[in-house]
Amino acid sequence: MLLINKIRENKDAFIQALNKRGFDATEVFDKALQLDQERRATQTRLDEKLAQSNTFSKEIGMLFKNGEVQKANLLKEKTVQLKEQSKELQERLNTLVEELQQVLYTIPNIPNKLVPAGTDENDNEVVFKEGEIPTLFEGALPHWELAKKYDLINFELGVKITGAGFPVYKGKGARLQRALIAYFLDKNTQAGYTEYQVPHLVNEASGLGTGQLPDKEGQMYHVTGDNLYLIPTAEVPVTNLFRGDLLMHNDLPIACTGYTPCFRREAGSYGAHVRGLNRLHQFDKVEIVRIEHPDNSYKALDQMVEHVKEILRELKLPFRILRLCGGDLGFTSALTYDFEVFSTAQDRWLEISSVSNFETFQANRLKLRFKDTNGKNKLAHTLNGSSLALPRVLAGILENYQTPNGIKIPEVLVPYCGFETIE
RNA sequence: AGAGAGGUGGCCGAGUGGUCGAAGGCGCACGCCUGGAAAGUGUGUAUCCCGAUUGCAUCGGGAUCGAGGGUUCGAAUCCCUUCCUCUCUGCCA
């Protein structure tokens, strides 16, 4: 959520920046500023009434103390009208604050200068590319065929017990999943991220804190009986760990990692590219989250990108990094780098990680602040990234490492798997 | 799920109707002490909003003691609702 006083100060610059998203903020800003102005005027009038009430109350107290009951009672009568007025003003103020909040919820984050203009994923900027795309043998298979051939993943069983998009991993497939999770967590903790195990269901306040609510209400599974949401990413519980906190400047930076399953309804996504592991309702992901001093957050973003790079290098997967254009940028993000692995058998790039800086957009909702060296309270910057999402990494490994005689396991994973090939 | 207790500032913890934004401690900041540090010692130290003035410095006002509502001229303090925590009992990985 943007800060209203920042909008007030930078209206034109913000409108221009939001244009990169294809978002015309002119009207919303006017609406918000108008509500804000009325809010402030109401606040002022309310404060005046309350100040008067307070003065009277003090006087009445003094009069009673001095035994001047009659005078006190006279004053009491005067307060009646004041009370009514301030009550009305208070109600008006409450609705204005609420309305303003609702309007602000609809405005996405201001894109960073680096974000290229553009409307969709075709306008994303490739900023880095590495790794050799292997030439596969005749008859190489996409991962869903491989999963079947080697009995690693059973999609039909998932359909039977739950529904489409809930795969069942089996045997070496299950073991490979576990190996990847352990490997990712090890890499992250070695890089200084503290490991957390967090709940997989969150309350409404958490959903609001990181911005899933109210914007993406329909994308989360909602447990209505207890009003809890299944997490779509570990970002939600991990970032919310710090909701409402006032940190000391020397508490920063904070770096966390955690593995969780992720649940997404993926309402409205269909098409040819959702086969196999490409798009699921439940999948596993290891996430990294950072809470940073504003001066350091872009350096932190770069560090996170470097960190993910190193993992993909070790896995020897061909990958590229995209800087997302305005049209493809997430609602809450100021700058996002997507990592994609090349799926040789499908002949396409698959997104496997997304690393973002949210600046103060989440922190404002979270009320996540820190006391800086001057003793002033400031909103912190929040960042997160996948390190990494499992299904498509798995797809990439299966497809790129296949041979006519089986699938080789990437060297770094062998100690975690306990086997070198799947055959 | 039943019974009881409780939710206060960055943290701990006093405070049961008016001068309480709130004692005390810890932490933190600055100073003194010291060759330096520790200890000791002095001072300071909540947040948000509105307004004036405008340099994020200062001043005035308002709100905030889990959240929401009520009683009252006046509430951290009384009442109601709700959320959460703890203890005991019950149930169960």
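Proteins come first, then strands; the chains are lettered A, B, ... in the order of their sequence lines, and each starts at number 1.
- With the nearest nucleotide of RNA chain B identified for both A/Asn377 and A/Lys76, A/Asn377 has the one nearer the 5' end.
- Residues from residues 82-101 of chain A with heavy atoms under 4.0 angstrom of RNA chain B, sorted by number: A/Lys83, A/Lys87.
- Of the C1' atoms belonging to B/G74 and B/U87, the separation is 37 Å, rounded to the nearest Å.
- Annotation: B/U34 and B/C26 have their P atoms spaced 24 Å apart (nearest Å).
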Between the protein and nucleotides 56-59 of chain B, are there any N/O to N/O pairs under 3.5 Å, and if so, what are the atom names and distances?
unit_1: B/C56; atom_1: O2'; unit_2: A/Lys376; atom_2: NZ; d: 2.6

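- Comparing the C1' positions of B/U45 and B/G24 gives an interatomic distance of 15 Å, to the nearest angstrom.
- B/A3 sits 15 Å from B/G90 when the P atoms are compared, rounded to a whole Å.
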Check the interface with nucleotides 91-93 of chain B: list each N/O to N/O pair with the protein under 3.5 Å, or write none.
none

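- The aromatic rings of A/Phe370 and A/His293 lie tilted to each other, with the angle between the two planes from 30° to 60°.
- In terms of polar N and O atoms assigned as donor or acceptor, the side chain of A/Asp47 comes within less than 3.5 Å of the base of B/G61 in a complementary pairing.
- The pair A/Lys187-A/Glu310 meets the salt-bridge criterion, with a side-chain N (NZ, NE, NH1 or NH2) lying under 4.0 Å from an Asp/Glu carboxylate O.
- The pair A/Asp245-A/Lys367 does not meet the salt-bridge criterion, since no charged nitrogen lies less than 4.0 angstrom from a carboxylate oxygen.
- Electrostatic pairing of A/Lys408 and A/Glu420 does not count as a salt bridge here, judged by no charged N lying under 4.0 Å from a carboxylate O.
- Between B/U72 and B/G17, the distance separating the two C1' atoms is 9 Å to the nearest Å.
- Annotation: cation-pi pair A/Lys309/A/Phe319 absent, no NZ/CZ under 6.0 Å from the ring centroid and within 45° of its normal.
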- Query: Which string of ( ) [ ] | and . matches RNA chain B, if you list each base 5' to 3' and count Watson-Crick or G-U pairs only when both distances are under 3.5 Å?
  - Reply: ((((((((.[[[..)..(.....]]]((((((.......))))))(((((((.....))))))).[[[[[..)....]]]]])))))))....
With a cut-off of 3.5 Å and sequence neighbours excluded, list every side-chain donor-acceptor pair involving residues 148-161 of chain A.
unit_1: A/Asp151; atom_1: OD2; unit_2: A/Lys170; atom_2: NZ; d: 2.7
unit_1: A/Asn154; atom_1: OD1; unit_2: A/Glu156; atom_2: N; d: 3.0
unit_1: A/Asn154; atom_1: OD1; unit_2: A/Leu157; atom_2: N; d: 2.8

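- Within the 3.5 Å criterion, the main-chain N or O of A/Lys49 finds no donor-acceptor partner in the side chain of A/Gln52.
- By the 30° and 60° cut-offs, the orientation of the rings of A/His222 relative to A/Tyr229 is parallel.
- Ring geometry, A/His307 versus A/Tyr193: the interplanar angle falls from 30° to 60°, so the pair is classed tilted.
- As rounded to the nearest Å, B/G66 and B/U47 have C1' atoms that lie 16 Å from one another.
- Shown for residues 50-57 of chain A: residues whose heavy atoms fall under 4.0 angstrom of RNA chain B, namely A/Leu50, A/Ala51, A/Asn54, A/Ser57.
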